[in-house]
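We're numbering straight along the sequence, starting at 1.
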Amino acid sequence: MEENLISEEEAAQYDRQIRLWGLDAQKRLRGSRVLLVGLRGLGAEVAKNLILAGVKGLTLLDHEQVTEKSRRAQFLIPVDADGQNQAQASLERAQLLNPMVEVKADIDAVESKLDDFFFQFDAVCLTRCSKDLMVRVDQLCASRNIKVFCGDVYGYHGYMFSDLGQEHHYVEEKPKVVKGSNEANDGPEAKKPKVDPNETTMVKKTVSFCSLKAALEVDWTNEKAKNSLKRIPVDYFLLQVLLKFRTDKGRDPQPDSFAEDSQLLLQIRDDVLETMGLSSELLPNTFVSYCFSEMAPVCAVVGGVLGQEIVKALSQRDAPHRNFFFFDGLKGSGVVDYFGSK
């Protein structure tokens, strides 16, 4: 399509990226529209990364108002914006990052959006959303082959999830394999294929993803699931607890009510793991000390990974995560876990 062509100005702006992942990938990225829900600390990081990467359009959707607390980890919102809508308050600085990207603000609640609203995007990224809403949007977008990403930051912990559909196609750069010599005097070793580190080739690949519903509703009484339990990061179960807290209370744990919310988290932990047929010892009591509010450094790490995964998916370049990424700020490491394809 003509509108996807890269202008000279864009070629200069995105020169480093074009050299990194190629012109075709940049064209696909330049033709993509993304919906980003939630403009707190994590949302700001994702917005920055997508705008700098050069998507065609980014819609910032958030119905909440700015408070001193909500902008602590949010660098797009000016300090004098308290009381304003979070999406609108983020718009000016977001647009200044890259004038070539169409950035819009939407002040509606995502829950009020009809199905057709989501169909205008190539990818949807959900932050600070309830489990039911994320599952609904994931199922909805799957019917139109729209890529879905979810993510959140809870204190020292953060996660991202991606569902790129039943068939996600991408290309990956691999070292070129050079055929061995057929000369008799060269010996058998010379006939074996060799890898030439100075030459590469592009390999086309296809991968499938499971839905968010399937990833969150694993039957842990199943023998196969039990056997894989040891390799499942504890943050997966922490996420289940925090999503249940959000469903029950309509908010996340608050530092202002630390004692009360800590007890509630422990109770929800017991209930959630018991329902799964698992021991509450799987998630030690100490978790309550490290999952309150957004921390800017954790937002930067998780937002970097989440933004990168959206860019890779839209540009169809390089292997994606399948399909959870968990970050534990206490350990300083992230874990990728695969829950199976659709």
After noting the C-alpha distance and the side-chain angles of Asp82 and Arg71, does the key distance pass the salt bridge (Lys or Arg N to Asp or Glu O under 4.0 Å) rule?
-> CA-CA 9 Å; Asp82 289 4; Arg71 59 176 168 78; 2.7 Å; yes
Checking side chain to side chain contact (heavy atoms under 4.5 Å, CB included) for the pair Leu306/Cys125: CA distance, chi angles, key distance, verdict?
-> CA-CA 9 Å; Leu306 182 47; Cys125 179; 3.8 Å; yes
side-chain contact (heavy atoms from CB on, under 4.5 Å) partners of Ala87, counting only residues at least two apart | Leu60, Asp62, Asn85, Ala105
Can you say whether the rings of Phe324 and Tyr236 are parallel (under 30°), tilted (30 to 60°) or perpendicular (over 60°)?
-> perpendicular
For Val311 against Ala53, the heavy-atom pair lying closest together | CG2-CB, 3.7 Å
Note: Lys56-Asp122 ion pair, threshold 4.0 Å (strictly below) = no
Answer yes or no: is there an ion pair linking Glu173 with Arg317, defined by an N-O contact shorter than 4.0 Å?
-> yes
Shortest non-hydrogen contact between Arg269 and Val241, atoms and distance | CA-CG2, 3.7 Å
Electrostatic pair Arg28-Asp24, nearest N-O below 4.0 angstrom = no
Members besides Ile77 in its Ile/Leu/Val/Met/Phe/Trp/Tyr cluster (side-chain heavy atoms under 4.5 Å) = Val66
Under-4.0 Å salt bridge between Lys113 and Asp108 | yes
Phe292 and Phe258 aromatic centres sub-6.0 Å | yes
Among Arg246, Arg128, His157, find the one that has a side-chain hydrogen bond (donor to acceptor under 3.5 Å, both in side chains) with Asp152.
-> Arg246
Sidechain N-carboxylate O distance under 4.0 Å for Asp219, Lys226 | no
Only one of Glu10, Glu102, Glu9 passes salt bridge (charged side-chain N to carboxylate O under 4.0 Å, His left out) with Arg30, and that residue is Glu10
Determine whether more than 12 heavy atoms belonging to other residues, nucleotides or ligands lie under 6.0 Å from atom CD of Glu92.
-> no
Hey, can you tell me if Phe121 and Phe117 have their rings parallel, tilted or perpendicular (30° and 60° cut-offs)?
-> perpendicular
